[in-house]
Amino acid sequence: MTTRPPDVPPAPEDAVHRRSIIMDSFGLDADHVTVVGRLTDQAPWAEPGQRWVHDMTLAVTVHLPDLMITAAEAGMASFPHAECPLIAPAFGRLVGLSVRKGFTRELRTRLGGVSGCAHLGELARALGPAIVRTAGERVAQTSPHGPDGAPVGAIALPLGSCHVWAADGAGPRKIEAGWRPGTMARPIPPVEEFPRAD
């Protein structure tokens, strides 16, 4: 077991449990990003040296044009059983998986249950939306811009991911009204404030 990592503050002493998940994304080149997820579990009531139950990382490199995972590596700094790290190499099975529709289902097929680790599996599920978000931001930052200031190129929109991105939701309606992701300060104004095309 390791001691508390310096970059994660300790949980309050009266907490029963504290779980934290952090996602960091890094651009590698015009076509690739790396997303690193970290999951920590603290048991504040435990003896010093035993307070960190889990400290696990999962790093994936993604090819942006098709959102394909091209590299994956799992690591464990704190874990409850000596055998826990033996499963880390299995997360290499993420390579070749596209973070598109069906990602979670395919993740369960490849690494669910006894084929994986519940905690690294939770990180892998959380990586999907982080990768899509990173891809959209990266395209907005690196694509050439047209005369209206909007990025030129395909931006992966999170269609079907929440009420804003329903087929008839505010996101698609704002795009129809001329909004381009990455061109306005957040929060994006209500759809009613966009000029009508008629």
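Taking all atoms of both residues into account, the shortest heavy-atom contact from Ala71 to Val95 is CA-CG2, 3.7 Å. The two residues Gly121 and Leu107 come nearest to each other via the heavy atoms O-CD2, 4.2 Å. Closest approach of Ser115 to Ala90, counting heavy atoms only: O-CB, 4.2 Å. Taking both residues in full, the closest heavy atoms of Pro172 and Trp165 are given as CD-CE3, 3.7 Å, listed atom of the first, atom of the second, then distance. Closest of all the heavy-atom pairs between Val62 and Thr70 is N-OG1, 4.3 Å. Closest heavy-atom contact between Pro85 and Pro89: O-CD, 3.8 Å.
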* Going through the checks in order, is the side-chain contact (heavy atoms from CB on, under 4.5 Å) test met by Ile87 and Leu111? -> CA-CA 10 Å; Ile87 199 65; Leu111 293 161; over 6 Å; no

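A donor-acceptor pair under 3.5 Å is formed between the side chain of Ser98 and the backbone N or O of Asp66.
Put simply, CD on Gln50 and OG on Ser78 are 9.5 Å apart, with the number rounded to the nearest 0.5 Å. To the nearest 0.5 Å, the span separating CD on Glu193 from NZ on Lys174 amounts to 9.0 Å. For the atom pair OG1 (Thr40) and CH2 (Trp52), the distance works out to 4.5 Å, reported to the nearest 0.5 Å. Rounded to the nearest 0.5 Å, atoms CG (Asp29) and NE2 (His63) are 8.5 Å apart. Note that the NE2 atom of His32 and the OG1 atom of Thr61 stand 8.0 Å from one another [nearest 0.5 Å]. Distance check, rounded to the nearest 0.5 Å: CG of Asp168 to NE2 of His163 gives 12.0 Å.
Here the options are Thr34, Val33, Leu64, the test is side-chain contact (heavy atoms from CB on, under 4.5 Å), and the partner is Thr134; only Val33 passes. Checked against Ser25 for a side-chain contact (heavy atoms from CB on, under 4.5 Å), the options Val35, Leu127, Ile131, Val36 give a single hit: Val35. Of the options His119, Gln42, Arg38, a side-chain contact (heavy atoms from CB on, under 4.5 Å) to Asp55 is made by Arg38 and by none of the others.
Side-chain heavy atoms closer than 4.5 Å link hydrophobic residues (I, L, V, M, F, W, Y) into clusters, and following such links, possibly through other members, connects Val164 to Phe194. No single ILVMFWY cluster, assembled from side-chain heavy atoms under 4.5 Å apart, contains both Phe103 and Met68.
Counting heavy-atom neighbours within 6.0 Å of Glu73 CD, excluding the residue itself, gives a total of 12 or less.
With a 4.5 Å cut-off on side-chain heavy atoms, Met23 and Leu123 count as touching. Looking only at side-chain heavy atoms (C-beta outward), Phe91 and Cys117 come within less than 4.5 Å of each other. At a threshold of 4.5 Å between non-hydrogen side-chain atoms, the residues Met76 and Leu120 count as touching. The closest side-chain heavy-atom distance from Glu192 to Arg173 is below 4.5 Å. For the pair Arg19 and Glu122, the minimum side-chain heavy-atom distance is below 4.5 Å. Side-chain contact between Leu94 and Arg110 is absent, with no heavy atoms from C-beta onward closer than 4.5 Å.
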